[in-house]
Amino acid sequence: MTIREMAERLEATVYAEPDQLDIDLKGAFGSDMMSDVLAFADDRDVLLTGLLNSQIVRTAHMLDMSCIIIVRGKKATEEIKTLAVENHIALLETKMTMYEASGRLYEGGLGR
Amino acid sequence: MTENEPLHFHYDVDGNNFTSAGEASVQVKRMLRQMGFHPDLIRRISVAMYEGEINMVIHAKGGDADVYVTPECITVVLKDVGPGIKDVNLAMQEGYSTAPDNIRSLGFGAGMGLPNMKRYSDELKIDSVVGVGTTIEMKFLPA
């Protein structure tokens with residue numbers, strides 16, 4: 001599923017360069033614990049999280065992930081946005097809970 | 001690069017700033033990319049080193065990170081003068097953590113740090129003395 005389609009399904013606010021929207025991802029991993037993300041996520045996954053600090057971008061960057069979805073209506077800080085741009089990581093913000101966002105992406109075929 | 005003379009890179013890990021934790025790993029990742037190592041190898045190294053850096057910041061007020069690179073092996077040495085690890089076997093168990101609750105609210109302290117370092121490295125050595133400090137050496141071998 002492309003990042004563009006994820007944004008549509010999650011009615012998300014997008015912080016990304018246009019070419020990033022065409023990146024096609026294979027799966028997803030959702031957690032607020034970054035060590036669990038580091039243990040289990042794959043570079044072709046999108047990261048869903050409700051955690052809001054610079055380490056979500058560092059974690060995604062270490063794993064070569066290209067997109068982070070911030071759930072539960074939280075807003076990315078300027079620090080997170082800047083770090084995401086520097087590391088070519090797309091940011092989406094959705095009002096949905098992690099459960100609903102995950103469900104909508106799964107329903108759309110992501111990770112199936 | 002020759003086998004006898006590894007390239008050596010040194011980084012200071014600032015223990016007072018959680019926000020900047022991981023910067024040494026970011027630099028190592030960039031450097032290894034420039035050297036042309038395989039992305040899977042680079043990912044393993046940067047994740048393991050990142051966990052180590054976070055541990056140094058959480059538990060030991062920072063420390064020194066040294067990376068030695070040859071075409072055959074990348075060695076990451078993380079040295080701190082923190083409280084030391086009382087029971088290394090226990091610390092290696094997934095889910096065991098001595099990190100305070102405020103660290104969990106930052107997304108770490110789930111007891112996955114050392115297990116992740118073992119998971120992603122080819123060799124992990126832990127030398128820790130309570131009250132003196134901890135030195136962790138990880139080796140990574142290109143496939």
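Throughout, protein chains are lettered first and strands after them, A, B, ... in sequence-line order, and every chain is numbered starting at 1.
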Segment of B:Phe18 engaging chain A (4.5 angstrom heavy-atom cut-off): both

Over 12 foreign heavy atoms within 6.0 Å of NZ, A:Lys95: no

Inter-residue atom distance A:Thr59.OG1 - B:Tyr50.OH, 0.5 Å rounding: 3.5 Å

Distance, nearest 0.5 Å, that separates OG of B:Ser105 from CG of A:Leu51: 8.0 Å

Euclidean distance, A:His61 NE2 relative to B:Arg43 CZ, rounded to 0.5 Å: 12.0 Å

Rounded distance [0.5 Å steps], CG in B:Asn55 versus OG in A:Ser35: 7.5 Å

Worked check of side-chain contact (heavy atoms from CB on, under 4.5 Å) between B:Leu106 and A:Met34: CA-CA 9 Å; B:Leu106 295 170; A:Met34 292 302 109; over 6 Å; no

Shortest non-hydrogen contact between B:Thr19 and A:Arg58, atoms and distance: O-NH2, 3.8 Å

Which portion of A:Asn53 sits near chain B, non-hydrogen atoms under 4.5 angstrom: side chain

Structural part of B:Arg44 lying under 4.5 Å from a heavy atom of chain A: neither

Cluster check B:Met35, B:Val76: I/L/V/M/F/W/Y, side chain < 4.5 angstrom: yes

Same apolar cluster: B:Met138 and B:Val57, side chain cutoff 4.5 Å: yes

A:Lys74, NZ: over 12 other non-hydrogen atoms inside 6.0 angstrom: yes

ILVMFWY cluster, A:Leu10 and A:Ile80 together (side-chain gap under 4.5 Å): no

Side chain / backbone / both / neither for B:Phe108 at chain A, heavy atoms under 4.5 Å: both

Shortest non-hydrogen separation from B:Ser25 to A:Met62 and the atoms involved: CB-CE, 3.5 Å

Connected via hydrophobic side-chain network under 4.5 Å: B:Leu7 and B:Leu41: yes

Which atom of A:Asp64 lies closest to which atom of B:Lys29, heavy atoms considered: OD1-NZ, 2.9 Å

Segment of B:Ala48 engaging chain A (4.5 angstrom heavy-atom cut-off): neither

Test item: B:Met112 and A:Leu38 side chains (from C-beta on) under 4.5 Å apart, heavy atoms: no

Among the listed options B:Gly113, B:Pro115, B:Ser20, the residue most often paired with chain A at heavy-atom distances under 4.5 Å: B:Ser20

B:Arg30 versus chain A, the contacting section by heavy-atom distance below 4.5 Å: neither

side-chain contact (heavy atoms from CB on, under 4.5 Å) evaluation trace for A:Met33 with B:Arg104: CA-CA 8 Å; A:Met33 292 307 295; B:Arg104 267 180 282 281; 4.2 Å; yes

A:Tyr99 OH: over 12 foreign heavy atoms closer than 6.0 Å: no

Portion of B:Arg119 that has a non-hydrogen atom of chain A nearer than 4.5 angstrom: side chain

Cluster overlap A:Val14 with A:Ile89, hydrophobic side-chain contacts below 4.5 Å: no

Main-chain N/O of B:Ala21 paired to A:Gln55 side chain as donor or acceptor, under 3.5 Å: yes

